Asks: 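Input: one structure, supplied below.
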Amino acid sequence: MSQKVRVRFAPSPTGPLHIGGVRTALFNYLFAKKHGGDFLLRIEDTDQTRYVEGAENYIIEALNWLNIPYDEGPGKEGDCGPYKQSERKHLYKKYTDQLIAGGKAYYAFDSSEALDNHRKEHEANGKTFIYNWHNRLKLENSLSLSPEEVQKRLASGEDYVIRFKSPENQTLHLKDIIRGDIQIDTNTLDDKVLFKSDGMPTYHLANIVDDHLMKITHVIRGEEWLPSMALHQLLYGAFGWEVPQFAHLPLIMKPVGKGKLSKRDGEAGGFPVYPLQWKTETENYMGYREEGYLPEAVVNMLALLGWNPGTEQEIFNLQELTEVFSLERVNKAGAKFDPEKAKWFQHQYFQQMDEETLVNQFRKFLINKGVHPSENLKKMVSLLKERATFISDLWEQGHSFFEAPTHYDEKAAQKAFKEDTPQLLQKVIFLLHESSDFSASTISEKVKGWITSEEIGFGKVMMPLRLALVGEMKGPDVFDIIEILGKEEASQRIEKAIAFIS
């Protein structure tokens with residue numbers, strides 16, 4: 001690629017950024033970095049009625065959290081700013097004037113009522129109303145009215161839109177990196193509105209002008225923009241500009257059933273569909289960050305939604321993804337989202353985490369819970385880590401290190417607590433107090449040696465012992481628990497269980 005690669009992610013600030021949008025940003029980022037290019041963020045806020053307070057900051061924060069920051073964009077001004085369309089309003093009018101002067105666009109004065117009536121009339125006859133070559137000369141526009149009439153209407157301040165004049169009887173050849181060659185009959189295209197008399201461009205015009213002025217070489221965006229590709233290519237041609245390469249990414253689909261992944265799927269399935277939590281007076285949606293996911297796990301999971309490296313490898317850090325990523329290996333078909341697979345990635349990355357970092361994060365977690373962190377935190381973490389996927393799992397599995405049981409699991413107690421259990425547990429306390437070396441291995445040797453020599457069934461001692469210490473039949477090895485609790489605390493818990501049984 002002789003020209004420097006420049007790509008952009010261009011979301012609208014109409015609410016939180018869906019993970020489908022995050023994946024689009026990620027693929028743009030990977031493509032740019034692989035080719036030594038630039039990744040731009042442009043905020044497409046021309047539709048001020050749909051603007052949502054806080055959405056723009058949310059987008060920026062999400063990209064930063066995922067470690068896929070942009071090179072140019074709001075707050076990182078390059079030579080092609082400003083990077084918010086609302087701040088570029090003054091740019092667009094001259095381009096529509098250029099199209100009108102070249103006969104590629106025209107003024108249309110049809111009122112919304114008139115267009116509505118045309119629509120209803122067509123529907124009554126089982127047809128669809130399209131504003132284009134076959135009826136534009138019968139409607140109210142600068143193609144059907146005299147130049148004097150057009151000037152008069154413009155001078156009087158009458159409302160108008162500027163429409164693109166779609167060509168007649170042409171076959172348009174489009175090329176998409178992911179979808180291959182596409183042919184479009186231009187007679188099926190409508191004359192899209194490019195500009196409104198309120199001085200605001202529509203998405204189509206602003207998008208093309210901005211991509212051109214920002215020197216974008218590759219437009220990598222979601223499949224939902226595929227129907228706009230014909231108009232966009234025609235607009236580039238009308239301006240005499242070089243057309244960037246297009247790549248339309250597949251949709252992210254629901255885990256179950258048909259259709260694309262929505263926030264309702266997340267609410268129903270109890271999993272996030274947004275990178276960060278989104279909270280307003282009326283809405284509260286969970287985010288991957290707040291649910292305890294690591295950004296690396298989210299990036300890895302999203303990269304493999306619709307892209308396939310061509311090997312069996314599933315775990316990729318950002319550097320590796322950048323090296324192996326290619327648009328040619330992106331699938332055309334939608335990618336089914338799997339919340340369990342997201343957890344699997346999280347588990348893999350959690351296991352690779354540096355133990356010191358884990359200990360510090362767990363310490364923070366405990367302090368937030370109002371629990372005093374013990375000095376044995378490091379040992380606890382190494383015991384609990386293997387079965388954990390999130391920091392909160394360390395608490396789920398290890399809360400008994402910090403809190404003595406207040407009750408015993410009923411089913412397990414019926415099975416484990418028998419008539420002779422108190423004297424067996426009393427003997428365990430005796431053995432604990434007899435031990436000068438209080439390591440798990442020494443205690444284990446002592447207690448198991450006694451059980452074997454007295455020919456007592458292991459379950460008769462080990463089950464009630466675990467219940468006494470933890471309150472339920474789960475957690476790490478009993479002797480590891482005893483070592484961490486220490487002689488006094490372990491003995492007290494066993495005494496309490498003896499009192500409960502008696």
Side-chain angles (χ1 to χ4, degrees), residues 6-29 39-66 68-70 72-77 80-92 161 192-196 198-214 216 218-229 231-232 235 244 246-252 260-264 266 273-280 282-283 285 287 302:
R6 283 173 68 82
V7 299
R8 49 58 167 190
F9 174 52
S12 299
T14 54
L17 179 62
H18 186 276
I19 56 165
V22 176
R23 187 199 54 179
T24 299
L26 172 65
F27 284 11
N28 272 283
Y29 174 89
F39 170 51
L40 282 68
L41 174 69
R42 183 172 74 231
I43 301 293
E44 304 214 326
D45 58 352
T46 47
D47 188 348
Q48 288 292 304
T49 56
R50 294 179 65 224
Y51 180 82
V52 172
E53 198 59 55
E56 187 187 319
N57 289 339
Y58 178 100
I59 292 163
I60 294 168
E61 199 181 327
L63 296 180
N64 288 334
W65 176 64
L66 292 162
I68 52 170
Y70 51 92
E72 285 174 36
K76 288 188 191 174
E77 303 301 319
C80 299
Y83 294 88
K84 287 187 206 179
Q85 282 185 338
S86 57
E87 292 171 10
R88 301 171 65 83
K89 275 196 287 213
H90 59 286
L91 291 170
Y92 304 114
V161 296
K192 281 268 189 275
V193 175
L194 301 179
F195 201 82
K196 293 172 266 194
D198 65 1
M200 283 306 265
T202 60
Y203 164 80
H204 300 290
L205 178 77
N207 187 281
I208 295 308
V209 170
D210 288 344
D211 281 350
H212 172 70
L213 296 178
M214 292 180 180
I216 299 302
H218 295 75
V219 173
I220 305 165
R221 58 189 180 187
E223 185 184 306
E224 60 271 29
W225 296 113
L226 198 54
S228 308
M229 189 178 164
L231 170 67
H232 294 182
L235 275 168
F246 287 96
H248 289 87
L249 307 173
L251 295 171
I252 297 180
K260 88 184 191 188
L261 181 71
S262 73
K263 58 186 177 195
R264 279 175 211 82
V273 297
Y274 298 113
L276 320 175
Q277 184 185 28
W278 175 260
K279 211 172 176 177
T280 64
T282 54
E283 298 174 307
Y285 298 119
L302 284 176

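We're numbering straight along the sequence, starting at 1. In what follows, every heavy atom counts, from backbone to side chain, and hydrogens, waters and symmetry copies are set aside. Bear in mind that the values here come from a model prediction, so they are computed numbers and not experimental data.
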Asks: Which atom names give the shortest non-hydrogen contact between Pro74 and Ile43, and what distance separates them?
Replies: CG-CG1, 3.9 Å

Asks: Just verifying a value: how many Å separate Asp211 CG and His218 NE2, rounded to the nearest 0.5 Å?
Replies: 12.5 Å

Asks: Considering non-hydrogen atoms only, spot the tightest contact between Pro11 and Ile59 and give its length.
Replies: CG-CD1, 3.7 Å

Asks: For Asp210 and Tyr92, which heavy atoms make the closest approach, and how far apart are they?
Replies: OD2-OH, 2.8 Å

Asks: For the atom pair CG (Leu249) and CG (Asn28), what is the distance rounded to the nearest 0.5 Å?
Replies: 7.5 Å

Asks: If the condition is side-chain contact (heavy atoms from CB on, under 4.5 Å), which residues does Lys76 pass it with, not counting sequence neighbours?
Replies: Pro69, Tyr70

Asks: Between Tyr274 (side chain) and Lys263 (backbone), is there a donor-acceptor pair under 3.5 Å?
Replies: no

Asks: For the CG atom of Leu17 and the CD atom of Glu61, what is their distance to the nearest 0.5 Å?
Replies: 11.5 Å

Asks: Quick one: CD1 on Ile68 to CZ on Phe27, what's the gap to the nearest 0.5 Å?
Replies: 10.5 Å

Asks: Does the pair Leu66 and Val22 meet the rule for a side chain to side chain contact (heavy atoms under 4.5 Å, CB included), with working shown?
Replies: CA-CA 9 Å; Leu66 292 162; Val22 176; 3.3 Å; yes

Asks: So which atom in Ala206 and which in Pro201 form the shortest heavy-atom distance, rounded to 0.1 Å?
Replies: CB-CG, 3.9 Å

Asks: Supply the atom-to-atom distance Ser228 OG to Leu235 CG, rounded to the nearest 0.5 angstrom.
Replies: 10.5 Å

Asks: Using atom types as modelled and distance alone, determine if a side-chain donor or acceptor of Ser86 lies under 3.5 Å from a backbone N or O of Asp45.
Replies: no

Asks: Which class fits the ring pair Phe39 and Tyr29: parallel under 30°, tilted 30 to 60°, perpendicular over 60°?
Replies: perpendicular

Asks: Would you call Val52 and Trp278 a side-chain contact if the rule is heavy atoms closer than 4.5 Å?
Replies: yes

Asks: Please determine whether side chain to side chain contact (heavy atoms under 4.5 Å, CB included) holds for the pair Glu72 and Glu77, giving the CA-CA distance in whole Å, both sets of side-chain angles, and the decisive distance to 0.1 Å.
Replies: CA-CA 6 Å; Glu72 285 174 36; Glu77 303 301 319; over 6 Å; no

Asks: Pairs in or reaching into residues 9-28: which pass salt bridge (Lys or Arg N to Asp or Glu O under 4.0 Å), with residues at least two apart or in two chains?
Replies: none

Asks: Output all residues satisfying side-chain contact (heavy atoms from CB on, under 4.5 Å) with Leu91, sequence neighbours left out; order by chain, then residue number.
Replies: Arg88, Leu213

Asks: Just to verify, what does Thr14 make a side-chain hydrogen bond (donor to acceptor under 3.5 Å, both in side chains) with, not counting sequence neighbours?
Replies: none

Asks: Assess the residue pair Leu261 and His18 against the criterion (side chain to side chain contact (heavy atoms under 4.5 Å, CB included)); give the C-alpha distance rounded to whole Å, side-chain angles, the decisive distance to 0.1 Å, and a yes or no.
Replies: CA-CA 9 Å; Leu261 181 71; His18 186 276; 4.1 Å; yes

Asks: Please determine whether side chain to side chain contact (heavy atoms under 4.5 Å, CB included) holds for the pair Ile216 and Leu40, giving the CA-CA distance in whole Å, both sets of side-chain angles, and the decisive distance to 0.1 Å.
Replies: CA-CA 9 Å; Ile216 299 302; Leu40 282 68; 4.2 Å; yes

Asks: Going by side-chain contact (heavy atoms from CB on, under 4.5 Å), name the residues that satisfy it together with Glu87, two or more places apart in sequence or in a different chain.
Replies: Pro82, Lys84

Asks: Measuring from atom OH of Tyr285 to atom CD of Gln277, what distance do you get when rounded to the nearest 0.5 angstrom?
Replies: 12.0 Å

Asks: My understanding is that only residues two or more places apart in sequence, or in another chain, count here; which of them pass side-chain contact (heavy atoms from CB on, under 4.5 Å) with Glu44?
Replies: Ala10, Ser12, Arg42, Gln85, Tyr203, Asn207

Asks: Testing the basics here: between Leu63 and Ala25, what is the closest heavy-atom pair and its distance to 0.1 Å?
Replies: CD2-CB, 3.7 Å

Asks: If you look at every heavy atom in Tyr58 and Pro275, which pair is closest and at what distance?
Replies: OH-CD, 3.5 Å

